[in-house]
Amino acid sequence: MTISTDLLAILVTVALSVVTLSPLVLLGLLTKDWKSRKLW
Amino acid sequence: MLDPATGWAILALFSLVWIFLGWFWGRKAKGLDDFMLAGRNVGMALGVATAMATWVTSNTTMAAPQLAFQLGIWGMVGYSLGSIGLMLFAPLARRIRRLMPFGYTSGDFVRLRYGKTAWRVFLLISLFYAFGWLISLGMAGGVLIHALTGIPYQYGMSVILSICVLYTLLGGLRAVIGTDFIQTIIILLGIAMLCWLAIARIGFDDIHSAVAESRPELLNLLMPAAIMFLFNNLLFGVGEIFHSNVWWSRAFAFREGVGFSAYLTAGAMWMPIPIVAGFIALAVPALGLNVPAADMVGPMVAARLSGALGAVLVFIVVFSALASSLDSLLAATADLILQDIYRGHLRPAAEEKELRVAAKLIILGLGLGAWLLCLPRLTTLAELLYFTGAFVSSTIWPIAAGLYWRRTNAAGATLAMLLGTGAGLYSYFAVGFYVAALTGAAVSMLTVIITTWLRPADFSWQTLRSQAEAGA
């Protein structure tokens, strides 16, 4: 039983989307902490 | 591959940046809490980033492609289950902060919860693991720098270790956490760009058909060794995180109320990284690459895919991944040695001033020790890393049960660590690396459950708070 091209594409595309968006999430959190003076 | 001159230039540039930032953030550190635990006030953004960056090691950027190349699709997915450890640690981090608001190390907890025998067994396991990880990171540094730039292994390894030692020395945990944020952003962007490039240049169809033709077993969803690896890696990750002071020191350092959300978010955002990094290795057959050593598969594919500019990007990503874990490990292991060996065994009456000097000397000593052990390149990266799986998985149950069950007793916890490690090591040599953590965790679990049932203790949680507060 092998993984199909479509399933591999879905797995990698979902993973890649999360990885691509993560820097934006981190920068958003940083801005929020900075504004509320809760950076460290 | 980059030429050595470009490699040296990038190394010099980033070294200066990290060292400057280490000094800049470290100059505000006034007391031992500031140096060791960044003032115990780290917020959500830096908390998430430092957990992610520390867990994205060279082992993720190098071993994930290596495992995808050796174990196929389950190698990638199995590695990504390392994130479960981060997510499971989220409630523990909240409880650790609540039970021990003035604690310093994971060793503090084991000593106060289970007594001196268990503490010493735990320290042996924890320090063995820390050195195993340090050596694997130092070796990875040398191997990667050599693979990507041609700079000799010994030089690359020496440079990466020296830089991390220097900025950790200057800034303590504040420098580590601050640089981790920048390193996380670099790693995420770099890995995403490489994967997009592989898809754009080759495409899913060609990658899939080339693998199906030359290495069909890599696409097999029922590869037994790979499925064992998946569960083994999950438990290995949980064991690494539950016991290691790298994660405990962050639980102590995060602001009240941040630990749970930070670890949970970091786990969710870390999970796809090994899949993306591993997928790059599946491009080997389509690219017609001849890979001489499995642990070099990631950098080789990346360099072939993206030419000179891409090679620069890969080098920066890998350098960031290495530094983000090395610095964390240096700081947390130095804390463990300072608090549990120096203060706990040698100088119980040491004042804060003496401890600050000792902390810096310990960081220097650790760097030197790691350098000496890294000089001969003894074994492949994954083999070295998985050897420690038997040890760390045996601590999962003593730690988790110790935090939540007041009836778990000291003798049971000690026995669980010893029997779990023994069984894990036996299965490592008798069966293979992919079952060591599985066996160690299972034996440890049974030991904790049976001994708790046979001889229930009656531990008072207040002991943790009051004794840690008193610095006992």
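Every chain is numbered from 1 and lettered A, B, ... according to where its sequence line falls, protein lines coming before strand lines. Only this structure's heavy atoms are used, side chains among them; waters, hydrogens and symmetry mates stay out.
- Listed options A:P23, A:G28, A:S17, A:S36 were ranked by heavy-atom pairs under 4.5 angstrom with chain B; first place goes to A:P23.
- With chain A as the partner, the residue from B:I275, B:V77, B:I199 showing the most heavy-atom pairs under 4.5 Å is B:I275.
- Within the 4.5 angstrom heavy-atom criterion, atoms from both the backbone and the side chain of B:L221 approach chain A.
- The greatest number of non-hydrogen atom pairs below 4.5 Å with chain B, out of A:V14, A:L16, A:D33, is found for A:L16.
- The distance between the ring centers of B:F204 and B:F279 falls below 6.0 angstrom.
- Of the atoms belonging to B:R40, not a single heavy atom falls under 4.5 Å from chain A.
- With respect to the salt-bridge test (charged N to carboxylate O, under 4.0 angstrom), the residues B:R250 and B:D180 qualify.
- In this structure, B:F254 and B:Y263 have tilted ring planes: the angle between them lies in the 30° to 60° band.
- Formation of a donor-acceptor pair under 3.5 Å by the B:S325 side chain with backbone atoms of B:T54 is found in this model.
- Heavy-atom distances place no part of B:V258 under 4.5 Å from chain A, backbone and side chain included.
- No donor-acceptor pair closer than 3.5 Å links the side chain of B:R255 to the backbone N or O of B:M44.
- With respect to chain A, the highest number of heavy-atom pairs below 4.5 Å among B:D205, B:V211, B:V42, B:N220 belongs to B:N220.
- Of the atoms belonging to B:W74, not a single heavy atom falls under 4.5 Å from chain A.
- If you measure heavy-atom distances from B:L218 to chain A, you find no contacts under 4.5 Å at all.
- Taking A:T2, A:T5, A:L29 one by one and counting their heavy-atom pairs under 4.5 Å with chain B, the maximum is reached by A:T5.
- Residue B:M87 places its CE atom among more than 12 non-hydrogen atoms of other residues, nucleotides or ligands, all under 6.0 Å distant.
- Each of B:L188, B:L46, B:T265 was evaluated against A:L26; a single residue qualifies, B:L188, per the side chain to side chain contact (heavy atoms under 4.5 Å, CB included) test.
- Heavy atoms closer than 4.5 Å to chain B are found nowhere in A:T31, neither backbone nor side chain.
- The candidate from A:T20, A:V19, A:V25 with the greatest count of non-hydrogen atom pairs under 4.5 Å with chain B is A:V19.
- Checked by atom type and distance alone, the side chain of B:R27 pairs as donor or acceptor with a backbone atom of B:F24 at under 3.5 Å.
- The side chain to side chain contact (heavy atoms under 4.5 Å, CB included) with B:L282 is formed by just one residue from the set B:R215, B:M76, B:H208; it is B:M76.
- Using a 4.5 Å cut-off between heavy atoms, B:T184 touches chain A through its side chain atoms alone.
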